[in-house]
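Please read the structure below before turning to the comments.
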Amino acid sequence: MRVRFAPSPTGYLHIGGLRTALYNFLLARRHGGTFVLRIEDTDRSRFVEDAEQDILEMLRWAGITYDEGPITGGDFGPYRQSERSARYAEVAAQLVKSGNAYVAFDDDDALEAMRSRHRSENNPNPRYDHTTRGEMQNSLTLSADAVDQLLSEGVPHVIRLNVRPGETVVFSDAVRGEVRFESATIDDQVLIKSDGLPTYHLANIVDDHDMGITHVIRGEEWLPSTPKHVLLYQAMGWDVPTMAHLPLILSPTGGKLSKRNAEKQGIPVSVSQYVEAGYEPEALVNFLALLGWNPGDEREVFSLADLTTAFSLERVGQSGVQFDLQKLNWFNEQWLRSKASSQLATRLLPQARAAFGCEDEAYLEQAIDMMKERMTMAADVLDASYLFKAPESYDEKAVSKRWKANSSEVLSAFAVVLSELDAWSEQGLEVSLKAFIDAQGVGMGALMFPLRMALSGVGGGPSLYALMALIGREETLSRIKRAVLTIAT
RNA sequence: GCCGCGUUCGUCUAGGGGUUUAGGACGCCGCCCUUUCACGGCGGUAACACGGGUUCAAAUCCCGUACGCGGUACCA
C-alpha cells in the first residue's frame, strides 16, 4: 500500500488538509504501507512563499511523519511537481497522439465569447465540451497544417482532454460505493495550461501512477472531477487506484468552512492558528480523527498510536461534518490532564517569566498541579494571576455578597495563627485552620470566603491550603493585611 | 440550470430488516461530593427530513420530493 498527501502551497495548512493527511497517515501505518508527501505547486499565480514550510512544520507538530517527500527524498522523487514538468509534457503528448487530448488555441476572449453565446438561464455556465469545441480554435477543428503553423509561430495554447459523449464512467469509492457519471456531462478539462505547466488533474494522475500510489484518499470536493481522472487513467492504460472521498468539514452552522466564513464564527482554519492558540497536538489530532470517522465502539480518547491500530476506511462516514469548537476544547482538557505538570511547566515557563517574572519552574509546576483540572488551555494557568502575585482588585459582586461585618476581624485573628504556625504545609494549614474555626466558633465559610478573597481576589479557584502552601507565609500574611485594609474601608 | 454526494438528539455519532422504551460523547439543566470554582459521580433534556412502496415486520431496502453540501476555472 502506498498513499499520499498532496497539498498545494497556495496557503497555510488548512484544518481539513490536516485531517486528510492524518487519514492517509493512519491507513499507511495501519497496513504497513508507505506514506508519501507530494507538493503540488503547479499554480504559479497562487503560490505562497512560506506555505510549504508551514505544511511541513504543522505535520511535524501533529506527529504525522511521512516516508517520502521533499527534503526527505525517496525512490520516486522529485516530490515537488514544479520539478517534474518534463514528465507531464511527455504524457500530454502521448494523449494528444492517441487522440485522447487535443491542442486548443482559444484565448480568454474567445472563451468568454463562447460562454456569452451560450449563456442562458438554463445554462449559466457553458462548458468547453463536445457540444462547443466544434466552434473553437483547436486541433479538432483546424487542419493539421494550420495547427502546425500556429504552433511554430508560438501562439499560446493549451492541451485539453478529449471527452467523448455516450460513455458511462464508473468507479468504486471506498467511502461511497459505486459512483457513475455520464461522459456527456464532463467538460474537456485543460490538462496543460498555456504557461506549459499541468493542471492538477493531469499532474495528479501522472504522479499517482508514477509514484505507485494504491489508495487516493482526499476530500469530497474532488469527487466531481474523479471521472476525468478515471478517463485519464484509462487513456494511458493505467490502473485506477482505490478512491476514497472524505466527508467535508463544515462550519458550525453547516456552511462551507472557508476562511472568511469560519473566522467570522470564531473558527480558525489554519493549523498554525491552533498551535498559536495553544492547543495540544494530541487534542487536535484526536478531534480531527473523530470528525468523519469512528471506531465503532464507545471509545473517544485516542492517541496517534491508538488511532493507527483502530483506523479503517470502512468506518469513515459519508456526510459532511460540522466543526464544534466546544468538543475540541473538551479533548484539549482531556489531554492536558493526562500530561505531567512538569512537562507543562517547562513549556509555560517563558510565558510565566514574561507575565510575572516567574523564574522558578518547580513553583510553576506546583501551580499547574493545582490548576490542571480547571484548565481548558495550558496557558489558562497564567490567567490565574493570583498564583504569581497579589490581587490588585477584589471581585466587587462577590465581596458585597459575602464579605461580612466580622470578616476583617476573623481574618486578622487567623493571620496571627498563621504567623505562628510551625508546619507551613498543605496538611498543616488545613489542621490549623480547622482548629481555628472550632476555637472561634465560626463557620467554615466565615473564614474561607474572606481568606479566598484576600488571597486571590476572586470567588472561585483551587484549594486554599494548596494556595497558601504555594505562595508561602510571608506572601499570605501580606495579602491578608492588604485585603483587610482595602476591603474594610 | 446541470452533474454528483449526502440527510439519526443543537453538534460528533452507534445502530444497516425483528435484539430499540433508538445507545454513547460534547453542550445544556438538576442532584450529590465540596470552603469556592472546577474535577468526579448520578440523573435529565433532545433525533430516525417528508411522502410513497417492498415486507408478517422498515431508522435500517427501493422510488420520489424537500433540504443541505460539493462541483460546474488555463485554482487546487
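Below, chain A is the first sequence line, B the second, and so on; all start at residue 1.
- Checked against B:A38, B:A76, B:A25, the side chain of A:Tyr200 finds its nearest nucleotide in B:A76.
- Within 4.0 Å of A:Lys372, counting heavy atoms only, lies no atom of the nucleic acid at all.
- Contact check, A:Arg299 against B:C12: no side-chain N or O comes under 4.0 Å of OP1 or OP2.
- Within the nucleic acid shown, A:Leu223 comes within 4.0 Å of sugar-phosphate atoms alone, with no base atom in reach, counting heavy atoms only.
- Using a 4.0 Å heavy-atom criterion, one finds that A:Arg44 contacts no nucleic acid atom at all.
- Looking at heavy-atom distances under 4.0 Å, A:Val158 makes contact with a base.
- By the 4.5 Å heavy-atom criterion applied to side chains, A:Val321 and A:Leu248 are not counted as neighbours.
- For the pair A:Thr42 and B:A76, the criterion of a side-chain N or O lying under 4.0 Å from OP1 or OP2 is met.
- Panel note: side chain A:Arg46, backbone A:Thr10; no donor-acceptor pair is recorded below 3.5 Å.
- Annotation: cation-pi pair A:Arg315/A:Phe311 absent, no NZ/CZ under 6.0 Å from the ring centroid and within 45° of its normal.
- Between B:A73, B:A76, B:G24, one nucleotide has an atom nearer to the side chain of A:Asn125 than all others, and that is B:A73.
- Put simply, A:Gln318 has a side-chain N or O that comes within less than 4.0 Å of OP1 or OP2 on B:G6.
- Taking the six-membered ring where the residue is Trp, A:Trp222 and A:His201 present perpendicular rings, their angle passing 60° and hence far from 30°.
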